[in-house]
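None of the values given here were measured: they were computed from a predicted structure.
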Amino acid sequence: VVATATGSTEGGSKTSPVTSAVPHPTLTGVTIDNNSPKTTDALRVSPQFANAAGDATYEWYSDTSPSNDPTRGTLIGPGDTLTVPDNVVNSYLFVFATPANGTAGASMSTGVIGPVGNGLTQVSISNRNPQAGSTVSATAQGASSVVYEWYSSSADTIPPVSGSLVTIG
């Protein structure tokens, strides 16, 4: 900094000593907030930076083996959050982070999490004692996409041991 006096009698200027360089933020690590994901879980990346808050871009990957190599994995999508899709059940997940907007450091992967479990937690039916002609509906919780199979059986077992698949349509 150089300071110069503006009055007619003070005159002259003074220079301050040089300061050290301000270090750039540096990406030093990245983790995922859940090690045992299930479908429909919302996952979030947690980056670690040295020197100051920084910025990075993130890409989510899946792989059938516990690898965190983006050249082997299948890209799911970008962003610092992910809602786990149904098509990655039994796969492993990881994130590849790249420093951005002046942040220093090398690109890096998180550790591998998984395998991804099925988020289907419950199936219920609307009427446990239906009569001929009544309507029965099923509701599944915990999965974004569900295929229903309806069975009829005289036995009260789940799944039906001697039941037959009902064709609807």
Side-chain angles (χ1 to χ4, degrees), residues 20-128 130 135-153 157-160 163-169:
S20 60
V22 176
H24 287 283
T26 302
L27 179 65
T28 58
V30 62
T31 58
I32 300 173
D33 67 351
N34 180 345
N35 288 326
S36 302
K38 296 182 295 300
T39 56
T40 73
D41 282 354
L43 304 180
R44 183 166 192 77
V45 174
S46 296
Q48 293 83 45
F49 298 99
N51 305 323
D55 193 17
T57 60
Y58 309 101
E59 293 179 323
W60 293 83
Y61 287 86
S62 68
D63 197 340
T64 55
S65 66
S67 166
N68 64 352
D69 179 356
T71 63
R72 286 183 36 108
T74 301
L75 179 63
I76 299 171
D80 62 351
T81 61
L82 172 76
T83 299
V84 180
D86 293 333
N87 66 343
V88 297
V89 170
N90 297 322
S91 295
Y92 297 86
L93 303 178
F94 66 95
V95 173
F96 189 72
T98 303
N101 300 319
T103 299
S107 295
M108 62 185 67
S109 293
T110 62
V112 174
I113 63 169
V116 174
N118 188 339
L120 185 61
T121 57
Q122 180 179 346
V123 178
S124 58
I125 58 174
S126 62
N127 183 348
R128 301 246 335 138
T135 300
V136 179
S137 62
T139 305
Q141 296 175 349
S144 59
S145 177
V146 178
V147 174
Y148 296 94
E149 292 182 344
W150 290 87
Y151 288 86
S152 67
S153 175
T157 59
I158 300 174
S164 58
L165 182 61
V166 176
T167 302
I168 301 173

- Task: Could you go through the side chain to side chain contact (heavy atoms under 4.5 Å, CB included) check for Val112 and Leu93 one step at a time?
- Result: CA-CA 6 Å; Val112 174; Leu93 303 178; over 6 Å; no

List in chain and number order the residues that pass side-chain contact (heavy atoms from CB on, under 4.5 Å) with [X], two or more places apart in sequence or in another chain; answer none if no residue qualifies.
| X | result |
| --- | --- |
| Thr26 | Thr28, Ala50, Asn51, Ala104 |
| Pro70 | Tyr61, Phe94, Phe96, Ser109 |
| Ala52 | Pro25 |
| Ser137 | Ser126 |

- Item | Rounded distance (nearest 0.5 Å) linking atom OG1 of Thr39 with atom CG of Asn87 |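 Rounded to the nearest 0.5 Å, the OG1-CG separation comes to 10.0 Å.
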
- Message: Strictly by salt bridge (Lys or Arg N to Asp or Glu O under 4.0 Å), give each pair with a member in residues 68-85 just once, sequence neighbours left out.
- Response: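 Checked against salt bridge (Lys or Arg N to Asp or Glu O under 4.0 Å) - neighbours excluded - the pairs reaching residues 68-85 are Arg44-Asp80, Asp63-Arg72.
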
Is [Y] close to [X] at the side-chain level, that is, under 4.5 Å between some pair of heavy atoms?
| X | Y | result |
| --- | --- | --- |
| Ser91 | Pro115 | no |
| Val88 | Ile76 | yes |
| Asn34 | Asp41 | yes |
| Leu43 | Ile113 | yes |

Looking only at atom types and distance, does a side-chain atom of [X] sit under 3.5 Å from a main-chain N or O of [Y], one as donor and one as acceptor?
| X | Y | answer |
| --- | --- | --- |
| Gln48 | Ser46 | yes |
| Trp60 | Leu75 | no |
| Thr110 | Val95 | yes |

- Message: If you compare all heavy atoms of Val89 against all heavy atoms of Gly117, which two are closest, and at what distance to 0.1 Å?
- Response: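 Nearest heavy atoms, Val89 then Gly117: CG2-O, 4.3 Å.
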
- Looking at Leu27 and Gly29, what are the two nearest heavy atoms and their distance?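 Heavy-atom minimum between the residues: CD1-O, 3.6 Å.
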
- Tell me, please, which residues at least two apart from Asp55 pass side chain to side chain donor-acceptor pair (under 3.5 Å).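 Expected list: Asn101.
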
- Asn118 and Lys38: CA distance, side-chain angles, deciding distance, side chain to side chain contact (heavy atoms under 4.5 Å, CB included) verdict: CA-CA 5 Å; Asn118 188 339; Lys38 296 182 295 300; over 6 Å; no

- Message: Pair Val116, Tyr92 - check side chain to side chain contact (heavy atoms under 4.5 Å, CB included), show working.
- Response: CA-CA 6 Å; Val116 174; Tyr92 297 86; over 6 Å; no

- Task: Report the C-alpha distance between Tyr58 and Val30 in whole Å, list the side-chain angles of each, state the deciding distance to 0.1 Å, and finish with yes or no for side chain to side chain contact (heavy atoms under 4.5 Å, CB included).
- Result: CA-CA 10 Å; Tyr58 309 101; Val30 62; 4.2 Å; yes

